[in-house]
Amino acid sequence: WSHPIKSTFVTFPGDIIKNKTDSELAESYLKKFGYLNTEQRSGFQSMVSTGKALKRMQRQMGLEETGELDKATLEAMKQPRCGVPDVAN
Amino acid sequence: YQTFDGDLKWDHNDITYRIVNYSPDMESSLIDDAFARAFNVWSQVTPLTFTRLFDGTADIMISFGKADHGDPYPFDGKDGLLAHAYPPGEGVQGDAHFDDDEFWTLGKGPVVKTRYGNANGALCHFPFTFEGRSYTTCTTEGRTDNLPWCGTTADYDKDKEYGFCPSELLYTFGGNADGAECVFPFTFLGEEYDSCTTEGRSDGYRWCATTSNFDKDKKFGFCPTRDTAVIGGNSEGEPCHFPFVFLGKKYSSCTSEGRGDGKLWCGTTDNYDDDKKWGFCPDKGYSLFLVAAHEFGHALGLDHSNIRDALMYPMYSYVEKFPLHKDDIEGIQYLYGPKTGPDPTPPQPRTTTTPFPDDKSEATKPTTTTTTSPVDPTKDACKLGSFDTITVIEGELHFFKDGHYWKISSRNGESVMGPFSISERWPALPAVIDSAFEDLQTKKMYFFSGARFWVYTGKNVLGPRSIEKLGLPNTIQKVEGALQRGKGKVLLFSGENFWRLDVKAQKIDAGYPRYTDVVFGGVPNDAHDVFQYKGHMYFCRERFYWRMNSRRQVDRVGYVKYDLLKC
């Protein structure tokens with residue numbers, strides 16, 4: 001009776017929220033809120049690294065600055081929030 | 001705290017806002033109130049004032065929308081992004097948008113304001129007991145007309161207090177049908193509809209026709225969300241259907257099965273596998289007040305804070321206490337400075353020799369009672385922020401305030417005359433007059449103050465009498481405005497309601513009270529002066545007026561001081 005339940009995920013019609021992997025979620029979060037962006041300065045484009053972006057996000061959220069996509073960071077990314085980017089672009 | 005690059009801020013302190021549309025989740029008056037309280041959070045600690053406009057462009061335009069809602073930042077369905085706002089400036093700058101795929105509440109579950117019934121529009125009390133059974137949602141039990149209702153106290157069986165819950169069978173909002181209820185079935189593009197639909201719209205809002213044929217009559221309104229309805233999915237507005245079958249298994253309550261995000265959902269037909277109809281189950285929802293207070297922070301120039309307890313922290317969390325943190329206060333005061341000057345205080349009652357009203361003393365008598373303050377000629381009507389009442393007497397606009405009155409006469413080039421002493425002209429009256437009107441047929445003057453009224457015929461006075469004698473309920477604390485409606489009929493306003501007085505019979509007509517916002521859409525619900533002047537109806541709130549034409553369209557919003565007093 002203690003067999004683990006094997007969940008089947010389905011795609012719900014009309015659902016805007018798509019099932020994403022953790023790294024997909026993190027990447028879209030970091031981009032959406034301005035942590036991971038392409039900065040344009042004097043014609044030079046540089047991509048901020050994901051680790052640096054994660055650290056910046058962790059600092060903003062008052063989390064431990066590990067630069068890793070740890071459980072606490074992932075949980076924070078799933079919380080309901082304001083849509084205004086944390087880092088201005 | 002953070003401000004936006006360049007410390008973007010408003011270059012004026014009298015900020016205007018406009019609520020462009022409403023969410024179906026809460027009654028419009030609750031939404032109005034949540035936004036007003038959210039602005040108040042900021043006006044309490046800065047010199048900023050916030051005035052609501054009902055048309056035109058305001059500094060802060062507030063709207064609800066779903067997914068792609070007309071700007072480059074689409075919302076994302078239920079949860080996730082709740083709202084966003086733009087920093088101060090022209091155009092979309094300063095505007096605040098709220099995701100209507102969220103369930104908007106006051107943070108602690110459905111807030112259901114009732115209509116009709118006998119509870120004066122009170123909120124539902126959940127749970128409530130009816131015939132020994134406990135109800136946590138509105139119910140149609142005990143009725144044959146399918147209208148959902150609820151108890152407004154814990155025990156309907158004992159208190160018998162109830163009201164009707166939001167339902168498309170009772171009313172609609174927005175649209176062009178003045179809040180009329182849906183008519184089912186109705187025809188739209190040749191098809192017949194038995195329930196509210198999102199067909200024909202790209203914004204996902206549910207609507208219905210308010211006549212049997214939309215194609216012919218073009219009358220419609222949006223459907224309010226029932227408290228039992230699912231949120232989002234593809235069946236918004238429908239209740240859960242229990243039990244329902246999902247992947248061959250029967251469910252008798254909401255489940256998170258099938259989802260990776262743990263959200264509770266239900267089928268809205270008996271078999272999800274066949275019908276694929278579903279929605280999220282109602283939960284505590286998000287506090288519109290808290291989210292709005294945060295968004296208005298952006299609209300005033302604050303960016304996100306990294307202090308977890310600050311209102312401007314980007315994540316939502318529910319708090320019951322005053323939401324501003326020291327960090328928020330420092331941030332907003334960095335932009336606009338601290339609040340200056342004392343809080344406004346209500347006028348103190350003046351000494352009067354008028355005895356407390358006694359209905360037994362109703363008789364026409366010359367009066368000897370007076371207010372005793374002398375007229376101060378330096379009192380300038382143009383320096384007053386608002387008036388106790390404004391009314392037309394003998395064709396001249398009169399402004400009453402705290403024992404004095406001023407008048408504007410077209411015979412006098414529309415300049416202000418006064419101050420005059422109320423006690424000299426109408427000796428029986430108290431200093432503060434809440435409302436007044438002149439009966440056009442008899443030329444009698446009616447004055448209201450608190451729960452009392454007086455009738456002047458020339459120099460003779462009748463009263464004070466209790467307003468209950470007119471048939472007004474004893475719960476009314478004051479009559480705030482009066483509008484002449486045809487011969488011998490006057491509308492009396494108080495709170496969110498109005499009543500029609502038959503002046504000759506001295507009785508309120510049957511069928512009243514009615515909701516002010518249902519009949520007079522677009523004017524403030526909390527107007528403190530309502531009067532008729534030169535064919536227009538005026539609703540005043542603080543120093544502003546909303547002018548409504550005979551077709552009940554607000555055709556002007558302006559300043560009492562500049563437009564009426566000609567200061």
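Keep in mind it's a predicted model, so treat the numbers as computed, not measured. Every chain is numbered from 1 and lettered A, B, ... according to where its sequence line falls, protein lines coming before strand lines.
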Got H304(B) and R81(A) here, is their nearest side-chain heavy-atom distance under 4.5 Å? yes
Turns out that what part of E295(B) lies under 4.5 Å from chain A's heavy atoms comes down to side chain
Contact check, side chains of P13(A) and W278(B), non-hydrogen atoms, under 4.5 Å:
yes
Point to revise | Greater than 12 external heavy atoms within 6.0 Å of Y318(B)'s OH | key: yes
task: Report the C-alpha distance between K32(A) and Y73(B) in whole Å, list the side-chain angles of each, state the deciding distance to 0.1 Å, and finish with yes or no for side-chain contact (heavy atoms from CB on, under 4.5 Å).
output: CA-CA 9 Å; K32(A) 190 182 283 179; Y73(B) 307 101; over 6 Å; no
One option among G62(A), G83(A), P80(A) has the most heavy-atom pairs under 4.5 Å with chain B, and it is P80(A)
(Q) Are the side chains of S317(B) and Q79(A) in contact, using a 4.5 Å heavy-atom criterion? (A) no
Practice task
Using a cut-off of 6.0 Å, state whether more than 12 heavy atoms not belonging to E27(A) lie near its atom CD.
Solution key: no
Would you verify whether the NZ or CZ of R259(B) falls within 45 degrees of the ring axis of F12(A) while also being under 6.0 Å from that six-membered ring's centre? yes
The reported gap from CG in D303(B) to CG in D86(A) (rounded to nearest 0.5 angstrom) is 7.5 Å
Please confirm whether the backbone N or O of V84(A) pairs with a side-chain atom of Y86(B), one donor and one acceptor, at under 3.5 Å? no
Indicate yes or no for a side-chain donor-acceptor contact from Q60(A) to the backbone of S305(B) under 3.5 Å, with no hydrogens or angles considered.
yes
**Message:** So C82(A) and M315(B), do their side chains get closer than 4.5 Å, heavy atoms only?
**Reply:** no
On a heavy-atom basis, the closest approach of L81(B) and F33(A) is CD2-CZ, 3.3 Å
*asked:* Atom CD of residue position E330(B) - does it have more than 12 heavy atoms of other residues, nucleotides or ligands inside 6.0 Å?
replied: yes
Practice problem: Answer yes or no: does atom NZ of K66(B) have more than 12 heavy-atom neighbours from other residues, nucleotides or ligands under 6.0 Å? | Solution: yes
In this structure, CG of L63(A) is separated from CZ of R308(B) (nearest 0.5 Å) by 6.0 Å
Quiz prompt | D5(B) atom CG, neighbour heavy-atom count above 12 within 6.0 Å | solution = no
Whatever's closer than 4.5 Å to a heavy atom in chain A on L247(B) counts as side chain
